[in-house]
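Okay, structure first, notes after.
Everything numeric here is computed off the predicted structure, so don't read it as measured data. Just so we're on the same page: letters track the sequence lines, and every chain starts at 1.
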Amino acid sequence: MRLTLPRPVEIDFDEALRYLRSKNEPSLLADVSTAAAVLQPLLKPAAAAVCFELERSGGSLFCGGIELPGASIARHFESCDRCIALGVTIGFEVDRLIAALGHTDPYRALLTDACASSAIEDLADMATIAARDVFCPDAPITLRFSPGYGDLPLELQPKLLEMIDARRMLGLTVSKSMLLSPIKSVTAFIGINSNGCGGDNIIRHDCKNCFMNKSCPYKGR
Amino acid sequence: MNRFSEALKKGLVFTDGAMGTMLQQRGLKVGENPTLMCIHHPDVVREIHEEYFKAGSNVVFANTFSACALKLEGTGYSVKEAVTAAVNCARSAAEKYDGMVAVDIGPLGELIEPLGSMSFERAIELFAEQMKAGAEAGADLIVVETMMDIYEVKAAVLAAKESCDLPIMVTMTFEEGGRTFTGCDIPAMALVLNGLGVDAIGVNCSVGPMQLGGIISELRCWTKLPIAAKPNAGLPDASGGYDLTVEQFAQGVCQLIKLGASVVGGCCGTSPEYIRAMTAAAKGAVAAPAPEKIPCAASSSTVSVLLDQPIVVGERLNPTGKKLLKQALADGDMAYILRQAAAQEADGAQILDVNVGLPGIDEPAMMVKVIKAVQSVCSLPLQIDSSNPDAIEAGLRVYNGRAIVNSVNGKDEVLDRLLPVVKRYGAAVIGLTLDENGIPDTAEGRVKIAEKIIARCEQEGIDRDDVIIDCLTMTVGADPKNAEITLEAVRRINEMGIKTALGVSNISFGLPRRDLINREFFTMALHNGLKLSIINPAEQGMIEAINVYRLLFGYDEGGNDYLAKYANSTAAPAAAAANGGDIAAAIHAGLEQQSADIAKSLLQQSSPDELINQKLIPILDEVGKKYEQGKIFLPQLIRSAGAAKAAFDVVRQEIAKSKSESVDNGTMVIATVQGDIHDIGKNIVRAVCENYGYRIIDLGRDVAPEAVVEAVSGSGAKLCGLSALMTTTLPAMESTIKLLAEKCPDCKIVVGGAVLTADYAAKIGAHYYAKDASATVAAAKEVFGK
């Protein structure tokens with residue numbers, strides 16, 4: 001189903017600067033905010049989610065009849081009995097703008113790309129909470145886990161899109177080389193622990209919950 | 001006449017409701033291809049069809065929505081087997097009710113270039129396979145539905161026209177804002193499909209009938225074709241259901257009929273009960289009739305431009321007299337061409353003329369390449385300009401929108417060859433007032449030829465509204481009467497209710513201060529009724545003239561455009577000549593205009609070569625060093641590269657003017673590999689490297705190995721840069737390197753991209769691994785020795 005979003009998507013300038021691996025310098029910040037102002041009206045945020053029971057049989061994990069292979073997701077979903085399949089996108093206009101700027105103004109293309117990355121992250125966070133509110137308002141949920149994380153194969157992407165009915169709900173498709181289109185889109189699984197209590201929801205990013213916590217270049221910055 | 005067309009003539013046609021929803025209730029699982037139910041459980045599918053006929057449907061859609069080759073991959077069934085089984089199920093149900101069967105064509109599942117990576121030609125093949133099977137199995141019509149990309153729709157319609165002779169209905173899926181996910185709106189959809197000659201167009205899926213009223217009303221204004229509406233049973237809820245009762249749905253559909261829909265049915269969430277209520281409620285209802293006249297416009301996939309008002313058509317994508325564009329076309333350097341397109345859009349062009357005619361070039365192939373590239377980044381409608389009919393036809397075929405053809409003329413041979421092509425692809429067409437006897441030297445003579453062209457167009461089935469006459473501008477340098485003849489012809493043809501076009505600036509050819517003559521003549525032409533002004537939008541005097549004309553003659557409602565452009569402006573001061581200045585400081589600070597101005601003044605003291613090799617390159621090296629040392633970051637690097645490029649462009653223009661040899665430190669081909677559409681990194685490499693005097697041939701993204709090899713061997717490039725961002729596209733990089741090593745063993749290869757490492761680069765046979773743009777420059781310096 002399409003999720004109702006409580007507010008417009010926000011572009012976080014600090015986050016955009018982080019994607020640019022840059023420090024907060026006034027003229028750069030001014031250019032980032034200009035890029036964000038051009039980008040903002042082109043954002044067409046949309047989010048969709050479906051909830052499935054998790055099943056375990058013969059050492060494998062299944063979600064809505066689809067196998068979720070690999071050790072990483074099994075560990076991630078250890079305490080979970082249900083799972084949300086989530087898809088979000090900020091739309092095709094953003095791809096068009098970045099592609100056009102790539103030819104005419106690579107500097108603005110770079111800044112716009114960083115702003116768009118910040119926008120899709122904000123949307124994914126917002127949609128995660130919206131999905132929790134629909135499917136499990138009182139139960140703890142895990143961080144998002146996407147195909148390509150750990151040993152969960154990227155090749156799961158087409159099945160995940162089908163589970164969400166992503167094409168119809170979001171206009172979101174995947175190419176043969178497993179690239180999402182629109183480019184600025186996120187798909188993920190989120191585990192639900194229906195028997196847990198609501199106090200320890202893990203929604204916000206917390207380094208200790210991330211599988212990159214030993215090798216992350218941004219940790220501590 | 002076929003059965004579907006006959007039924008449309010009689011009045012309302014009722015289609016069926018959802019198939020997917022019904023199959024899920026009967027055990028279809030997520031991820032299973034629903035078409036296979038027709039092979040494994042034909043009785044189940046037949047029963048569903050039969051229930052719809054019982055409920056009053058005249059047409060059912062065979063369960064072929066997902067029966068294309070891509071979606072059947074790995075199932076063990078061919079398209080022909082699956083489609084035949086599905087049509088047979090529907091046919092056997094239809095017999096008892098004398099019903100019709102549509103072969104149902106859904107999206108291919110992968111997007112077509114530039115949004116995705118499938119080629120337009122491949123999409124046509126895939127659709128044609130499915131449609132041919134449907135026609136052979138005995139379907140009565142083809143339905144193309146649930147589409148979000150008008151380019152995919154165009155591929156489907158061409159496939160239908162070329163693989164069978166069944167009638168075609170097309171429905172797309174719109175969001176409540178009136179656009180599809182890919183940005184196509186109602187006018188763009190209608191303009192493309194009116195032109196391609198389908199039998200009915202409309203909307204399906206999307207939302208419930210209550211939210212579709214505005215869309216159907218708008219569509220009614222833009223098409224004379226019958227309109228189809230197949231809405232959902234309302235909006236979905238968390239449990240997977242929909243929120244409308246059968247009665248509410250039926251009432252909603254009746255409203256859509258009043259607004260113009262005459263082919264009605266249901267999509268997701270509907271069932272035979274919904275259709276039964278709908279057919280009962282709609283009994284005796286009459287759809288709003290089609291309008292007598294619809295707007296005449298050109299469109300891209302997202303933007304439509306009405307042609308019955310003064311329009312700026314940008315003329316700069318035409319190599320005549322343009323050295324840099326000629327070079328770019330010869331090199332296949334799309335980046336230069338795209339910059340020209342974007343600059344014209346920014347300067348105020350509303351339509352772009354595209355002409356790629358060069359001696360010795362494969363013009364049809366180049367037209368296809370340039371149109372695909374331009375439409376990937378520019379939202380303006382295009383005017384396809386060539387004297388080569390094959391190039392026009394090739395361009396029209398791949399154009400994603402409704403184009404204008406520039407041009408036909410009064411010669412029978414030209415009209416015979418091109419009018420059927422214009423008709424087939426539904427374009428508007430410009431007719432030049434010349435014929436076998438040349439260009440008449442009277443207005444009367446030109447009007448006569450115009451009348452002939454219009455009559456021939458109408459014979460061919462092209463509406464006179466879609467014909468634009470170019471009365472031809474000849475220089476007053478040759479004969480002072482030329483202006484008067486042209487203006488008189490424009491006036492008379494305008495009075496006939498026919499739109500006119502002119503290449504305005506020809507009027508001053510061979511004379512000094514052409515800008516003065518052009519501007520005055522342009523204003524006069526507008527006053528005589530000129531609509532399509534083919535001009536250089538960078539000449540602000542011309543843009544100002546048309547903006548003022550639009551304000552004075554009521555084409556700019558409330559003066560909004562005028563105020564937006566000029567409310568805060570004053571007359572431009574005379575350009576101050578920059579007197580020297582520190583070009584290093586300007587480039588370090590990323591100041592483009594200042595860098596260009598200083599470069600201009602430096603060119604008075606030093607040669608282009610000295611300026612590049614002794615000034616610009618050392619400054620860029622310094623910038624690169626600072627980046628390496630972490631003193632500046634990527635954005636500053638790119639900004640400096642942009643400023644250096646502005647200086648470099650000044651030098652290039654100087655070189656083009658002086659006809660001296662261009663600065664050429666070596667040729668390099670760059671591309672993002674096949675299957676990968678990330679090009680930010682590659683564009684940064686281009687921006688930095690081109691400032692070192694290297695000739696960069698940028699092939700863009702998603703480039704096939706063969707295309708890379710062709711560009712390298714064609715240009716004799718000694719270095720090729722390949723980029724890939726995904727682990728899934730590294731195999732494409734490897735196969736490109738392999739093919740290059742085999743066909744162009746002298747060419748060195750440098751690779752980069754987020755997932756690459758130096759080890760992996762060496763393993764797949766690259767000569768250099770570049771972690772960033774500066775490292776690419778280092779590789780280039782080594783290969784080219786400068």
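- Taking 4.0 Å as the cut-off between side-chain N and carboxylate O, B:Asp698 and B:Lys682 count as a salt-bridged pair.
- In this structure, the portions of A:Arg168 lying under 4.5 Å from any heavy atom of chain B include both its backbone and its side chain.
- In this structure, chain A has no heavy atom under 4.5 Å from any part of B:Thr173.
- For the pair A:Arg7 and A:Asp122, the salt-bridge criterion is met [side-chain N within less than 4.0 Å of a carboxylate O].
- The contact between A:Val174 and chain B is made entirely by backbone atoms, counting heavy-atom distances below 4.5 Å.
- For chain B, the option among A:Gly65, A:Ser27, A:Pro182 with the highest count of heavy-atom pairs below 4.5 Å is A:Ser27.
- Proximity of a side-chain donor or acceptor of B:Gln344 to a complementary backbone N or O of B:Leu352 within less than 3.5 Å is not detected.
- Neither the backbone nor the side chain of B:Gln674 comes within less than 4.5 Å of any heavy atom of chain A.
- Only the side chain of B:Cys268 comes within less than 4.5 Å of a heavy atom of chain A; its backbone N, CA, C and O stay farther away.
- One finds the CG atom of A:Leu156 at 4.5 Å from the CZ atom of A:Phe189 (value rounded to the nearest 0.5 Å).
- Of the listed residues (B:Pro731, B:Pro635, B:Ser379, B:Ala346), the greatest number of heavy-atom pairs within a distance under 4.5 Å of chain A belongs to B:Pro635.
- Contact tally against chain A (heavy-atom pairs below 4.5 Å) for B:Arg686, B:Met118, B:Lys29: the top residue is B:Arg686.
- Ranked by heavy-atom pairs under 4.5 Å with chain B, the list A:Leu28, A:Asp95, A:Leu172 is led by A:Leu28.
- For the options A:Ser175, A:Gly102, A:Ala114, heavy-atom pairs under 4.5 Å to chain B are most numerous at A:Gly102.
- With respect to the salt-bridge test (charged N to carboxylate O, under 4.0 angstrom), the residues A:Asp125 and A:Arg144 qualify.
- In this structure, chain B has a heavy atom under 4.5 Å from the side chain of A:Ile98, while its backbone stays farther away.
- For A:Glu93 and A:Arg96, the salt-bridge test passes: some basic side-chain N is under 4.0 Å from an acidic carboxylate O.
- Within the 4.5 angstrom heavy-atom criterion, only side-chain atoms of B:Asn232, from C-beta onward, approach chain A.
- Proximity to chain A is limited to the side chain of B:Thr302, based on heavy atoms less than 4.5 angstrom apart.
- Between B:Asn400 and B:Gln375, the side chains place no donor N or O within less than 3.5 Å of an acceptor N or O (distance only, hydrogens not considered).
- The closest side-chain donor-acceptor pair between B:Asn204 and B:Thr146 falls under 3.5 angstrom.
- Heavy-atom distances place the side chain of B:Met726, and not its backbone, under 4.5 Å from chain A.
- The most heavy-atom pairs under 4.5 Å with chain B, out of A:Leu110, A:Thr104, A:Asp113, A:Asp165, come from A:Leu110.
- With a 4.5 Å cut-off on non-hydrogen atoms, B:Asp149 does not touch chain A at all.
- Contact tally against chain B (heavy-atom pairs below 4.5 Å) for A:Ile183, A:Val32, A:Leu170, A:Leu20: the top residue is A:Leu170.
- With a 4.5 Å cut-off on non-hydrogen atoms, A:Ile66 touches chain B through its side chain but not through its backbone.
- Between B:Glu113 and B:Lys372 there is a salt bridge, since a side-chain N of the basic residue sits under 4.0 Å from a carboxylate O of the acidic one.
- Interface residue B:Leu70: only side-chain heavy atoms are found under 4.5 Å from chain A.
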Decide yes or no on side-chain contact (heavy atoms from CB on, under 4.5 Å) for A:Cys51 and A:Ile192, but give the supporting numbers first. CA-CA 9 Å; A:Cys51 188; A:Ile192 303 171; 3.9 Å; yes
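- The pair A:Asp14-A:Arg18 does not meet the salt-bridge criterion, since no charged nitrogen lies less than 4.0 angstrom from a carboxylate oxygen.
- A heavy-atom distance below 4.5 Å is found between the side chains of A:Gln157 and A:Thr187.
- Only the side chain of B:Ile680 comes within less than 4.5 Å of a heavy atom of chain A; its backbone N, CA, C and O stay farther away.
- Note that CZ of A:Phe13 is 7.0 Å distant from CG of A:Leu29, once rounded to the nearest 0.5 Å.
- In this structure, chain B has heavy atoms under 4.5 Å from both the backbone and the side chain of A:Lys176.
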